[in-house]
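What you see is a predicted model, and the numbers here were worked out from it, not measured in a lab. Each residue takes its place number in the sequence, starting with 1.
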Amino acid sequence: MNPITMQLVADKYIRLALEEDINGEDVTTCSVMPDYKEGEVQLICKEDGIIAGLQIFERVFTLLDPQTQVDFLVKDGDKVTNGQLMGKVHGDIRVLLSGERTALNYLQRMSGIATYTRNVADMLEGSKTCLVDTRKTTPCMRVFEKYAVLVGGGKNHRYNLSDGVLLKDNHIDAAGGVKQAIEAARRHAPFVRKIEVETENLDMVKEAVEAGADIIMLDNMTPAQMKEAVQLIDGRAETECSGNITKENIELMKDLGVNYVSSGALTHSAPILDISLKHLSVLGK
């Protein structure tokens with residue numbers, strides 16, 4: 001995540017997360033540490049996985065106090081193991097204690113997504129099919145969760161509703177059919193936007209091809225139906241398969257010949273990676 005994105009997008013969400021956790025004072029920390037004392041705490045991984053979100057973890061502390069120093073021994077995308085020391089946070093002990101939970105929430109969540117994504121992406125290795133995410137993200141966490149997918153080896157689908165045209169079942173119903181929906185999108189959307197349409201059967205696939213869709217999503221079809229659909233499309237549009245795709249069934253998509261496999265599970269079902277801040281030491285006693 002580059003500094004511009006951090007300042008324009010990420011910072012406001014990090015501030016909201018901190019305000020959610022500290023809306024007055026940190027009563028516990030102020031009780032045991034009423035005045036400034038310098039300290040250091042270790043960042044330790046407690047299970048194997050892929051680390052993601054280190055910059056966000058650090059930003060939590062530097063928003064509380066710009067003088068906080070974070071020294072990492074790993075970088076985003078690295079494989080980490082149970083018990084590994086990944087870095088140290090140095091600064092005002094009050095900041096270390098008050099920022100701990102928020103910083104770890106981000107790091108654990110993002111690392112869990114990166115880990116899950118890497119596991120799923122590895123199952124598609126050797127194919128020409130690209131793994132992508134969806135908009136099934138936690139509210140106000142999308143920028144972080146989609147970044148974690150990239151770290152894990154996946155790609156991003158559209159970021160939000162302004163990012164592209166995706167005609168789903170309810171849009172098609174509202175427009176009166178596949179052809180009508182595509183024609184309406186052609187009239188309204190900027191010419192630089194590709195038009196993707198969701199199809200549920202081969203008749204809809206044929207209609208989407210004839211109407212000139214740029215991308216055709218094969219939604220909740222069987223592998224046999226998807227393979228037939230890819231042959232029917234015959235390169236006239238890019239193809240994406242979707243619908244309850246997880247690491248348990250992703251390998252069924254490997255040899256279908258689709259361009260993309262989208263999986264909401266990358267962001268909505270990935271477990272966190274267990275990470276802790278431990279062994280706080282008071283310096284300069």
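Taking a cutoff of 4.0 Å between a charged side-chain nitrogen and a carboxylate oxygen, D92 and K37 do not qualify as a salt bridge. Under the 4.0 Å criterion applied to side-chain N and carboxylate O atoms, K194 and E238 are assigned as salt-bridge partners.
To the nearest 0.5 Å, atom CG of residue L277 and atom CE of residue M86 are 8.5 Å apart. Put simply, CG on L54 and CG on D76 are 4.5 Å apart, with the number rounded to the nearest 0.5 Å. Between the CD atom in E196 and the CG atom in L166 there is a gap of 5.0 Å [rounded to 0.5 Å]. The NE2 atom of H268 sits 11.0 Å away from the CD1 atom of I113 when rounded to the nearest 0.5 Å. Here N201 contributes atom CG and L218 contributes atom CG; the two are 10.5 Å apart, rounded to the nearest 0.5 Å. With rounding to the nearest 0.5 Å, the separation of CG in L63 from OG1 in T68 is 9.5 Å.
When only modelled atom types and interatomic distance are considered, E40 and H279 share no side-chain donor-acceptor pair under 3.5 Å. R109 and N105 share no side-chain donor-acceptor pair at under 3.5 Å. Counted by atom type alone, N259 and T239 present one or more donor-acceptor pairs between their side chains at under 3.5 Å. There is a side-chain donor-acceptor pair under 3.5 Å between D71 and Q69. For the residue pair E198 / H171, no side-chain donor-acceptor distance below 3.5 Å is found, with atom types taken as modelled.
In this structure the side chain of Q180 reaches within 4.5 angstrom of the side chain of E207, judged on heavy atoms. Taking 4.5 Å as the limit, every side-chain heavy atom of V165 sits out of range of all side-chain heavy atoms of R158. Between T199 and M221, some side-chain heavy-atom pair lies under the 4.5 Å cut-off. Side-chain atoms of T5 and Y147, non-hydrogen and from C-beta on, never get closer than 4.5 Å to each other. For the pair T137 and F144, the minimum side-chain heavy-atom distance is 4.5 Å or more. Put simply, the side chain of E248 reaches to within 4.5 Å of the side chain of T246, judged on heavy atoms. Put simply, the side chain of D26 does not reach to within 4.5 Å of the side chain of R94, judged on heavy atoms. Residues Y106 and I14 form a side-chain contact, since some pair of their non-hydrogen atoms from C-beta on lies under 4.5 Å apart.
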Intermediate values then yes/no, side chain to side chain contact (heavy atoms under 4.5 Å, CB included), I22 and S98: CA-CA 8 Å; I22 315 169; S98 295; 4.0 Å; yes
Worked verdict on D21 versus R101 for salt bridge (Lys or Arg N to Asp or Glu O under 4.0 Å): CA-CA 9 Å; D21 211 30; R101 184 71 269 151; over 6 Å; no
Chi angles and distances behind the side chain to side chain contact (heavy atoms under 4.5 Å, CB included) call for E200, D169: CA-CA 9 Å; E200 299 173 345; D169 53 354; 3.8 Å; yes
Step-by-step salt bridge (Lys or Arg N to Asp or Glu O under 4.0 Å) determination, D234 to R236: CA-CA 6 Å; D234 193 27; R236 289 175 288 177; 5.6 Å; no
V132/C130 under side chain to side chain contact (heavy atoms under 4.5 Å, CB included): CA gap, chis, key distance, verdict: CA-CA 6 Å; V132 300; C130 179; 4.1 Å; yes
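Around CG of D163, the count of heavy atoms belonging to other residues, nucleotides or ligands within 6.0 Å exceeds 12. At most 12 heavy atoms of other shown residues, nucleotides or ligands fall within 6.0 angstrom of atom NZ in K227. The number of heavy atoms from other shown groups lying within 6.0 Å of CD (E20) does not exceed 12.
Of the possible donor and acceptor atoms, one in the side chain of T115 sits under 3.5 Å from a partner among the backbone N and O of I50. Listed for the E38 side chain is no donor-acceptor partner under 3.5 Å among the backbone atoms of L283. Using modelled atom types, no side-chain atom of E145 and backbone atom of R142 make a donor-acceptor pair closer than 3.5 Å.
Just one residue in the list L167, I215, V205 forms a side-chain contact (heavy atoms from CB on, under 4.5 Å) with V197, and that residue is L167. Shown are T267, T117, N156; of these, the side chain to side chain donor-acceptor pair (under 3.5 Å) with D133 is made only by N156.
Closest approach of A121 and G153 over heavy atoms only: CB-O, 4.1 Å. Residue S162 comes nearest to R193 through the heavy atom pair O-NH2, 2.9 Å, listed as atom of the first residue, atom of the second, then distance. Of all the heavy atoms in L273 and C45, the pair that sits closest is CD2-SG, 4.2 Å.
The ring pair (Phe, Tyr, Trp, His ring centres under 6.0 Å) search around Y116 returns none, not counting sequence neighbours.
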